[in-house]
Amino acid sequence: MPQYWLMKSEPDEVSIDDALAAPDATVAWTGVRNYQARNFMRDGMKVGDGVLFYHSSCPEPGIAGIARVASGIKPDPTQFDAKSPYYDAGAKKEDPRWLLVDVQAVRKTRLLALPELRAKPELADLIILRKGNRLSITPVEPAHWKVIEKMLA
DNA sequence: GCCAACGTTGGC
DNA sequence: GCCAACGTTGGC
């Protein structure tokens, strides 16, 4: 059974175009520093799962592409890099605190901006649209995925 | 830049 | 374990 996820990225850091331009259209999803988001990767993600590639903290936030989970979990190397903004002095090599998966871009889509998503009654329960939600990785119901695919068709 | 909402920290 | 203070996220 395929599962679906929504993953936020700041396009200034990694946009859907950046991901498509990368070797194999694959990028390591570095920088997750929230335990709930980490646990979704660790406990829920499987290779091949569908990903909605979401642009956040930008002029037009919204879904910008489709991707897939392309690897199992691995330690996020940026936690050990003192020069990285994602450095975590408390993380130990033998017991990494932060994890990542590889994400492979499948295609760029037209931008499904937030107001358009909010206007769909069928998406009212999409986690990303719920008030106050800040999680950078959230599961997506198959029904929601279908609605979004239809909007992109 | 503002601010609501949420997560984390640390004193007790 | 409680909870106030503080930090972060992210849309606007």
Side-chain angles (χ1 to χ4, degrees), chain A residues 3-22 26-45 49-70 73-141 143-145 147-152:
Chain A
Q3 275 198 281
Y4 304 106
W5 307 92
L6 183 146
M7 299 176 81
K8 293 182 191 171
S9 182
E10 302 193 10
D12 281 352
E13 293 199 26
V14 183
S15 69
I16 184 69
D17 292 315
D18 295 333
L20 282 167
T26 300
V27 291
W29 207 263
T30 57
V32 173
R33 293 295 179 271
N34 170 285
Y35 288 104
Q36 226 183 321
R38 181 202 68 183
N39 294 347
F40 280 136
M41 288 195 288
R42 187 189 62 194
D43 305 331
M45 279 190 183
D49 282 358
V51 172
L52 300 171
F53 197 112
Y54 181 94
H55 284 175
S56 74
S57 295
C58 59
E60 261 202 304
I63 294 166
I66 303 288
R68 62 188 283 277
V69 175
I73 48 166
K74 312 183 242 188
D76 180 345
T78 62
Q79 70 194 299
F80 306 120
D81 178 359
K83 290 187 294 285
S84 166
Y86 301 120
Y87 179 62
D88 183 346
K92 285 171 289 189
K93 287 250 185 195
E94 61 278 11
D95 184 22
R97 181 176 293 171
W98 303 113
L99 306 169
L100 60 73
V101 296
D102 289 339
V103 173
Q104 181 175 40
V106 174
R107 66 188 173 97
K108 186 177 183 173
T109 64
R110 76 181 179 88
L111 185 80
L112 279 184
L114 266 186
E116 187 177 353
L117 294 170
R118 289 196 193 283
K120 275 273 173 195
E122 302 97 307
L123 296 179
D125 293 329
L126 190 67
I127 294 174
I128 201 77
L129 299 181
R130 295 217 284 249
K131 193 174 184 178
N133 170 76
R134 298 183 312 173
L135 267 182
S136 63
I137 298 176
T138 50
V140 173
E141 301 280 326
H144 292 152
W145 179 273
V147 170
I148 289 162
E149 272 194 327
K150 212 176 253 180
M151 293 170 81
L152 290 170

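Below, chains carry the letters A, B, ... as their sequence lines are ordered, and counting in each starts from 1.
- Among residues at least two apart or in separate chains, there is no salt bridge (Lys or Arg N to Asp or Glu O under 4.0 Å) pair with a member in residues 52-70 of chain A.
- Sorted by first and then second residue, the salt bridge (Lys or Arg N to Asp or Glu O under 4.0 Å) pairs with a member in residues 4-21 of chain A read A:Asp17-A:Lys108; sequence neighbours excluded.
- First and last contacts of DNA chain C with chain A, using any nucleotide atom under 4.0 Å from a protein heavy atom and ordered 5' to 3', fall at C:dG7 to C:dC12.
- Every residue was checked against the ring-ring contact (aromatic ring centres under 6.0 Å, His included) condition with A:Phe80, not counting sequence neighbours, and none meets it.
- Of the residues in residues 32-44 of chain A, those placing a heavy atom less than 4.0 Å from an atom of DNA chain B are A:Tyr35, A:Gln36, in numerical order.
- At a non-hydrogen distance threshold of 4.0 Å, A:Lys131, A:Gly132, A:Arg134 from residues 128-140 of chain A come into contact with DNA chain B.
- Within the structure, the ring pair (Phe, Tyr, Trp, His ring centres under 6.0 Å) test picks out the following pairs touching residues 95-126 of chain A (sequence neighbours left out): A:Tyr35-A:Trp98.
- No donor-acceptor contact under 3.5 angstrom links the side chains of A:Glu141 and A:Trp145, judged on distance only.
- A heavy atom closer than 4.0 Å to some atom of DNA chain C occurs in A:Tyr54, A:Ser56, A:Ser57, A:Pro61, these being the qualifying members of residues 54-63 of chain A.
- No side-chain N or O of A:Trp29 forms a donor-acceptor pair with one of A:Asp102 less than 3.5 Å apart.
- Proximity of a side-chain donor or acceptor of A:Asp76 to a complementary backbone N or O of A:Gly31 within less than 3.5 Å is detected.
- Remark: A:Tyr54 pairs with no residue by the ring-ring contact (aromatic ring centres under 6.0 Å, His included) rule, at least two apart or across chains.
- Every residue two or more places apart in sequence or in another chain that forms a side-chain contact (heavy atoms from CB on, under 4.5 Å) with A:Glu116 is listed here: A:Arg110, A:Leu112, A:Met151.
- Sorted by first and then second residue, the side-chain hydrogen bond (donor to acceptor under 3.5 Å, both in side chains) pairs involving residues 129-140 of chain A (not counting sequence neighbours) form an empty list.
- Sequence neighbours left out, the pairs with a member in residues 85-99 of chain A that pass salt bridge (Lys or Arg N to Asp or Glu O under 4.0 Å) are A:Asp88-A:Arg97.
- Rounded to the nearest 0.5 Å, atoms CG (A:Leu111) and CD1 (A:Ile16) are 11.0 Å apart.
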